[in-house]
**Student:** 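If you scroll down you'll find the structure; I have some questions about it.
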Amino acid sequence: MATALESQILARGYTYGELMVAAAAREIADGEFVFVGMRLPMLAFVVAKRTHAPAAIGLYENGLIRESPSPQLLYTMADPPNLRGATQCGQMLEVMALLQQGRVNVGFLGAAEVDRFGNLNSTWGGRHGEIHRLPGSGGACDIACLAQRTVVLLAHEKSRLRERVEFVTSPGFGRGNGWRVAQGLPPRSGPAALITTLGVLRYGSDGEAVLASTHPGVAVEDVLANTGWSLRVADNIAETPAPSSGELAAMRSLDPNHFWTK
Amino acid sequence: MATALESQILARGYTYGELMVAAAAREIADGEFVFVGMRLPMLAFVVAKRTHAPAAIGLYENGLIRESPSPQLLYTMADPPNLRGATQCGQMLEVMALLQQGRVNVGFLGAAEVDRFGNLNSTWGGRHGEIHRLPGSGGACDIACLAQRTVVLLAHEKSRLRERVEFVTSPGFGRGNGWRVAQGLPPRSGPAALITTLGVLRYGSDGEAVLASTHPGVAVEDVLANTGWSLRVADNIAETPAPSSGELAAMRSLDPNHFWTK
Amino acid sequence: MKLPAKLMTMPEAIAQYVPSGAMVLLGAQMEQMIPFSAGQELIRQGRRDLTLVGPISDILFDQLIGAGCASRVMAAWVGNVSAGVGYCLRRATEQGIPRRVDMIDYSNFTMALALHAAALGVPFVPTYSTLGSDLLKKNGNLREFVSPVNEDKLVAVRSLRPDVAILHVQRADEFGNAHIWGSLGVAIDGMRAARKVIVVAEEIVAPEVIASDPNRTLVPGFVVAAVVHDPGGAHPSPVQGYYGRDHDFFSEYHAQSRELHDFERWLEKWVVRVPNRTAYLTQLGADRFEQLAVREHAYSAAADFGY
Amino acid sequence: MKLPAKLMTMPEAIAQYVPSGAMVLLGAQMEQMIPFSAGQELIRQGRRDLTLVGPISDILFDQLIGAGCASRVMAAWVGNVSAGVGYCLRRATEQGIPRRVDMIDYSNFTMALALHAAALGVPFVPTYSTLGSDLLKKNGNLREFVSPVNEDKLVAVRSLRPDVAILHVQRADEFGNAHIWGSLGVAIDGMRAARKVIVVAEEIVAPEVIASDPNRTLVPGFVVAAVVHDPGGAHPSPVQGYYGRDHDFFSEYHAQSRELHDFERWLEKWVVRVPNRTAYLTQLGADRFEQLAVREHAYSAAADFGY
């Protein structure tokens, strides 16, 4: 494992995981309320805090609100370093209430599968006929319904980026334009970005995903070949900026062994 | 004032207020959850705790729950002696939730007016044509709706015990039998006793008030003459037991100057 | 990371954040920590047409009504908790003196639920309370409906979002993060329901003191617009661990507000002529305030947030 | 006044209050203070047909499912938070090994609201969450309706009353009054929603210690049926101020539960063959547990409840 990572780092100076975390961190604007999900986003929030978004405020579904970044790597949001010195340790209901009030600018999610319109499945997965049980929503459905913007992190595989997901755990743009409002979801909500191992997808006004950037060394064809539908490509397609030295320093000071940034 | 009180005490060994507090305290059974209202009931709860109901639990609408009685006289439920050493200092919503869950056995109320069926008015009072603004419900309506039993304390005057109250702040038995359930109120709820300066009224299965006992030295005729409707009298009408020496000792240790027990 | 400090004087905070016509939540902690110093600054700055919101308010609402600051009251109880009725409320509602005031009557629970609904970000919260009462019939923010999950009759309590919530707290840092203990009442939901929050603190402490106990930080700084350091600002109401309740002051107010001209004299003496809390406490007298001081401290056992 | 003491051993508490078929709330404080010692006693006592309730449960639910104790799971997330999926959950749901388990899928918020509704004593609480999702379509306890106070579409989350809630806490007295700090999750509503509560405490302290801070007494003794003193009972999950999270243990469980026979060996070693937490901690090794000990204490600032 370590050698594979080392070769990535030798080749480009960073790992895929580090690139994804940096890209996720950049989705946070300074001073924003951020609903921080499990895993990579916990690291992305700290990177944002230590670089361009020092005034961002982190909300965690266990009831925690933090303005100062955790001094240590977090394996879960309830790890002791994340509680000490927090702005507030309250109830889950209280942070979810801030989300439902519309105060949360951006929320981060993971998922097993995503479709053309950004709908997420993390409950029942289907692969070549077989049904797989996945862990479930956690807070993902709540964030997907109620945050002003949602950012999803996902490994880019044809079996994960599907034309249609079998089960909509967390609604994206449903079947497209106007669908969310018709469901009764807040007007100001929905997917903003899908950050994968190959690139970054964003969403058009019709709610369909568009390839906005490819990661360094990744060809557009590779992305299309690994996507389960005919993915649209932005006219002004760009290359995902590599992690800055500041971003890498922030990540590596917390995660030198690449627990989250493989 | 003091002289008037002294004469009462000389004549009978206690004041009207002390008799009412003792009668109120006896409505609390040991181990019960008691929703303690403002004023006299605060003293009645302490008397019950120090005499026959040491395991009673007191709930206060400011969010307080107490199992040990306050060591000092309370002018309001949020007086500092009532908070120190409490079982729990929480939110109003939390104690009201226990009430709505049906866990509260008995709740105490005051009111300006009461009618034949135990409906209470503490919002808009009418006296000889004139409208008077009263303080309002406070928690009275909530207790009257949701406690298993309610006990009301009131000065016995014809203008306060009325055939009909103009405004139902806190529902009793409405228009009589079956009315509460028809409104959607909990099956196990409603008025249990009305303790006045002249006697104690209880409620028949039809929801109408019945004179159950008169205070020592009070004639049934006095009670009827001071009641705004033709009050029913129980066949087995009794005399309200005088406060015991233990009850008086408990009250007077807290309220030697008769702030609440005039 | 340096956030803008929010520390300001009471006149600044009231001038900046509480315009005439605003809906203001006061007295969220019930009989404790009532923001009298803030309410009296509202009177001095001549606010008009305020909507006063709070479950009970002891005598603060009565003073604001008597001074003509309020056109509407949304409350469960308005009066003088230890002494009786509020005479200014009666003059305003019965005779329109100094002006008419519309009363929107809640119960304590339905007021708490209205703020809870707003804090939760939903249009209403259901309850069984007020069924069969005239509060339900007269208050348009309480509506009977049938439960969508069973056949029960319920009351929908409409969410209520005050423009400003003014909270008196024991201690806060300059960013508005505050510790409250003792009587909480509807403070937590009230503060989250409000569009803006003004914190009035007995003590301003270092951020590390507040951060040492995030479970007690019931007011997070990010909801707070202004922080005012105003020791003694809750008098005559008590602040647990700081000073007790001045029961006599409530009785004196009761006696001196019964007649209109007496109330006008009282208001002149205790509000109009005292520019701030320091002057108020001087007029009250050091001896009298000393009578209310903590006689016996009772400190909470420590909680260890270490790892 | 002397209340009956509720102190008992874990086997006594589980035997007395958690029968087969019960609906049990576990993991209310999310990734902290998960009552592993109580859950593993449920396995040792051979409980069957339990309904497991909790927003997330880290690997405790996976173990109970793998041991065949559960017939139904009402949760938002079941797996291994730091290491990935729960293999026992997959075997049970995909192959019925060791038995079929019905999944009733919630989101974290709707699970919190289901317990909140029960704690409030109402049949449901409304939310905008899950609109447009298949959770709403598939979970019968979530029902779309139209707001009675405006035209909004809302979801009614039906109240959920567990038979028993098992909470791991930092400290409690013999009557069950307990202090919890740090990660609260759904503990407060969960405990009030449940018909019975079992408190598992790191420390049993004098009632005076708990009573010194009634705002931190999030578990009032009157809702508690049993108090179990079981230090280390939350391992491998953390207890703020007592011990940290054993991340490796979660990774080891992940590796050793992938294959059925490995899981059976793991269960034998860590649950079936260890009669209690003392034996469990001995097997874990003093050195390893010492690695999780608090390195730097961080005590909360005192609050003065004096007067």
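Each chain gets a letter, A, B and so on, in the order the sequences are listed, and its residues count up from 1. None of these values were measured; they are calculated from a predicted model. All values below come from the heavy atoms of this structure, side chains included, with hydrogens, waters and symmetry mates left out.
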**Student:** Select one option (side chain, backbone, both, neither) describing which atoms of C:Asp62 are under 4.5 Å from chain B's heavy atoms.
**Tutor:** neither

**Student:** Give the interface residues of residues 142-162 of chain B toward chain C, defined by a heavy-atom separation under 4.5 Å.
**Tutor:** B:Asp142, B:Cys145, B:Leu146

**Student:** Might you work through the side-chain contact (heavy atoms from CB on, under 4.5 Å) test for C:Glu31 and B:Tyr75, ending with a clear yes or no?
**Tutor:** CA-CA 10 Å; C:Glu31 297 92 345; B:Tyr75 294 80; over 6 Å; no

**Student:** Does a sphere of radius 6.0 Å around CZ in C:Arg295 hold more than 12 heavy atoms from other residues, nucleotides or ligands, not counting ones at 6.0 Å or beyond?
**Tutor:** yes

**Student:** With a 4.5 Å cut-off on side-chain heavy atoms, are B:Glu130 and C:Glu94 touching?
**Tutor:** no

**Student:** Quick check on C:Phe263: does its CZ atom have over 12 non-hydrogen neighbours (other residues, nucleotides or ligands) under 6.0 Å away?
**Tutor:** yes

**Student:** Kindly compute the distance separating CG (C:Leu131) from CZ (B:Arg180), expressed to the nearest 0.5 Å.
**Tutor:** 10.0 Å

**Student:** Closest approach of B:Leu134 and C:Leu89, non-hydrogen atoms and distance?
**Tutor:** O-CD2, 4.3 Å

**Student:** Pick one of side chain, backbone, both or neither for C:Ala83, based on which atoms fall under 4.5 Å of a heavy atom in chain B.
**Tutor:** backbone

**Student:** Answer with side chain, backbone, both or neither: which region of C:Phe250 has an atom nearer than 4.5 Å to a non-hydrogen atom of chain B?
**Tutor:** neither

**Student:** At a 4.5 Å cut-off on heavy atoms, which part of C:Lys138 comes close to chain B: side chain, backbone, both, or neither?
**Tutor:** side chain

**Student:** Between C:Arg90 and B:His132, does the side-chain contact (heavy atoms from CB on, under 4.5 Å) criterion hold? Intermediate values first, please.
**Tutor:** CA-CA 7 Å; C:Arg90 290 197 54 183; B:His132 292 275; 2.3 Å; yes

**Student:** Between C:Met30 and B:Met77, is a side-chain contact (heavy atoms from CB on, under 4.5 Å) present by the stated rule, with each step listed?
**Tutor:** CA-CA 9 Å; C:Met30 306 298 282; B:Met77 59 186 68; 5.6 Å; no

**Student:** Using non-hydrogen atoms and a 4.5 Å limit, figure out which bit of C:Gln32 sits close to chain B: side chain, backbone, both or neither.
**Tutor:** both

**Student:** Identify the two heavy atoms, one from B:Leu185 and one from C:Tyr128, that lie closest to each other, and give their separation to 0.1 Å.
**Tutor:** CD2-O, 4.0 Å

**Student:** For B:Asp79 versus C:His247, what's the shortest heavy-atom pair and its separation?
**Tutor:** OD2-CE1, 3.5 Å

**Student:** Is it true that atom CZ of C:Arg288 has more than 12 heavy atoms of other residues, nucleotides or ligands lying nearer than 6.0 Å?
**Tutor:** yes

**Student:** Take atom CZ in C:Arg258; do more than 12 heavy atoms of anything else shown fall under 6.0 Å from it?
**Tutor:** no

**Student:** Is the shortest heavy-atom distance from the side chain of B:Leu93 to the side chain of C:Val186 under 4.5 Å?
**Tutor:** no

**Student:** Is C:Asp152 close to chain B through its backbone or its side chain, or both, or neither, when contacts mean heavy atoms under 4.5 Å?
**Tutor:** neither

**Student:** Against chain B, label C:Thr127 side chain, backbone, both or neither, depending on which of its atoms sit under 4.5 Å from a heavy atom there.
**Tutor:** both

**Student:** Does a donor on one side chain and an acceptor on the other come within less than 3.5 Å for C:Ser129 and B:Gln100?
**Tutor:** no

**Student:** Output the distance between atom CE (B:Met92) and atom CD1 (C:Ile188), rounded to the nearest 0.5 Å.
**Tutor:** 12.5 Å

**Student:** When you measure from the side chain of C:Lys153 to the backbone of B:Ala182, do you find a donor-acceptor pair of N or O atoms at a distance under 3.5 Å?
**Tutor:** yes

**Student:** What distance separates C:Gln95 CD from B:Ile131 CD1, expressed to the nearest 0.5 Å?
**Tutor:** 13.5 Å

**Student:** Cut-off 3.5 Å, side chains only: do B:Asn62 and C:Ser183 have a donor facing an acceptor?
**Tutor:** yes

**Student:** Give a yes or no on whether B:Glu163 atom CD has more than 12 heavy-atom contacts from other residues, nucleotides or ligands under 6.0 Å away.
**Tutor:** yes

**Student:** Taking B:Ala78, B:Gly90, B:Pro135 one by one, which has the highest count of heavy-atom pairs under 4.5 Å against chain C?
**Tutor:** B:Pro135

**Student:** Measure C:Met103 against the heavy atoms of chain B and call it side chain, backbone, both or neither at under 4.5 Å.
**Tutor:** side chain

**Student:** With a 4.5 angstrom heavy-atom cut-off, is it the side chain or the backbone of C:Glu296 that approaches chain B, or both, or neither?
**Tutor:** both

**Student:** Using 0.5 Å steps for rounding, measure from the CG atom of B:Leu83 to the CH2 atom of C:Trp181.
**Tutor:** 12.5 Å

**Student:** Find the one option among C:Gly182, C:Ala75, C:Ala92, C:Gly86 whose heavy-atom pairs under 4.5 Å with chain B are most numerous.
**Tutor:** C:Gly182

**Student:** Taking C:Met111, C:Lys137, C:His116 one by one, which has the highest count of heavy-atom pairs under 4.5 Å against chain B?
**Tutor:** C:His116

**Student:** If you count heavy-atom pairs under 4.5 Å between each of B:Gly63, B:Pro171, B:Ser137, B:Pro80 and chain C, which one has the most?
**Tutor:** B:Pro80

**Student:** If you count heavy-atom pairs within less than 4.5 Å of chain B, which of C:Ala76, C:Gly241, C:Pro55 leads?
**Tutor:** C:Ala76

**Student:** Select, from C:Leu113, C:Asn108, C:Asp58, C:Asn80, the one with the greatest count of heavy-atom pairs under 4.5 Å involving chain B.
**Tutor:** C:Asn108

**Student:** To the nearest 0.5 angstrom, please state how far the OH atom of C:Tyr106 sits from the SG atom of B:Cys141.
**Tutor:** 13.5 Å

**Student:** At their closest point, which heavy atom of C:Thr93 faces which heavy atom of B:Arg133, and how far apart are they?
**Tutor:** OG1-CB, 3.1 Å

**Student:** State the CZ-CG distance between B:Phe167 and C:Asp105, to the nearest 0.5 angstrom.
**Tutor:** 5.5 Å

